[in-house]
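These notes are about the structure you will find just below.
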Amino acid sequence: SVAPVVGVFECGNHDKVLGYALAQVLSAWYRNCDDAEVIVPTGLDLDDGTYTAYQFHDVAIFGHHGHTKKGAELTRIFACLFPEMWGACRHRACFTGHYHHARQFGDFGGMEILQTRSPSRKTDYEQRLGFTDDAQTLEGFVFRQGQGLAHHIRAMMG
């Protein structure tokens with residue numbers, strides 16, 4: 001009810017097929033909504049993940065799961081893969097995931113790297129490796145024309 005919503009599927013290194021199926025279902029579910037869009041990239045590389053891009057006025061929003069590429073490397077990749085968008089936008093953000101615990105990134109060569117937390121419950125994997133310091137959350141990000149990232153909203157789960 002506040003603004004158009006865009007969801008972009010990012011292929012990770014766990015549950016690749018199930019995640020892709022969920023993205024397809026969401027895309028079909030919202031196909032007739034004027035204010036919601038679900039983007040499912042084609043030609044997925046399930047080993048390296050996907051590199052996604054979405055332009056909102058002067059804001060470029062990029063995404064990669066984060067399991068194969070990090071920080072400054074992502075800046076170079078997105079500048080090369082999407083040069084027109086990179087050059088046309090004053091504000092750039094890249095969303096990654098992958099990590100099973102809290103991590104902070106920052107600005108790398110003109111692009112802010114944002115790592116989102118997982119809303120899923122801890123599994124034996126996280127317990128074994130000690131990745132128990134991260135709270136389960138759902139996160140939302142609001143971008144504004146001329147401003148870039150304006151709000152980061154985090155809701156605690158459970």
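Here the straight-line distance linking atom CZ of Phe78 with atom CE of Met85 works out to 10.0 Å at 0.5 Å rounding. The distance from the CD atom of Gln147 to the NE2 atom of His57 is 13.0 Å, given to the nearest 0.5 Å. Atom CD of Glu112 and atom CG of Leu149 lie 6.0 Å apart (nearest 0.5 Å). Interatomic distance, Arg76 CZ to Met111 CE, rounded to the nearest 0.5 Å: 10.0 Å.
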Checking side-chain contact (heavy atoms from CB on, under 4.5 Å) for the pair Arg92/Phe62: CA distance, chi angles, key distance, verdict?
CA-CA 8 Å; Arg92 301 173 199 95; Phe62 300 109; 4.2 Å; yes
Begin with the C-alpha distance, continue with both residues' side-chain angles, and end with the deciding distance and a verdict on side-chain contact (heavy atoms from CB on, under 4.5 Å) for Val59 and Cys89.
CA-CA 5 Å; Val59 179; Cys89 293; 5.7 Å; no
side-chain contact (heavy atoms from CB on, under 4.5 Å) for Glu73 and Phe108? Distances and angles first, verdict last.
CA-CA 9 Å; Glu73 191 175 19; Phe108 288 89; over 6 Å; no
Residue pair Thr75, Trp86: steps toward the side-chain contact (heavy atoms from CB on, under 4.5 Å) verdict:
CA-CA 10 Å; Thr75 299; Trp86 185 273; 3.6 Å; yes
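Remark: the backbone N or O of Gln145 is not paired with any side-chain donor or acceptor of Asp58 at under 3.5 angstrom.
Residues Thr96 and His65 are not in side-chain contact: their nearest non-hydrogen atoms beyond the backbone lie 4.5 Å or more apart.
If you chain together hydrophobic residues whose side chains sit under 4.5 Å apart, Tyr20 and Leu22 fall into the same group. Cluster membership check: Phe56 shares its hydrophobic cluster with Val6, using side-chain heavy-atom separations under 4.5 Å among Ile, Leu, Val, Met, Phe, Trp and Tyr. The cluster map of Ile, Leu, Val, Met, Phe, Trp and Tyr, joined by side-chain heavy atoms under 4.5 Å apart, puts Phe82 and Ile77 in the same cluster. The hydrophobic cluster containing Trp29 does not contain Val8, counting ILVMFWY residues as joined when their side-chain heavy atoms lie under 4.5 angstrom apart, directly or transitively.
Between His152 and Phe141, the angle of the ring planes stays under 30°, which puts this pair in the parallel group of the 30/60° scheme. Taking the six-membered ring for Trp and thresholds of 30 and 60 degrees, His64 and Tyr51 have nearly parallel ring planes, at less than 30 degrees apart.
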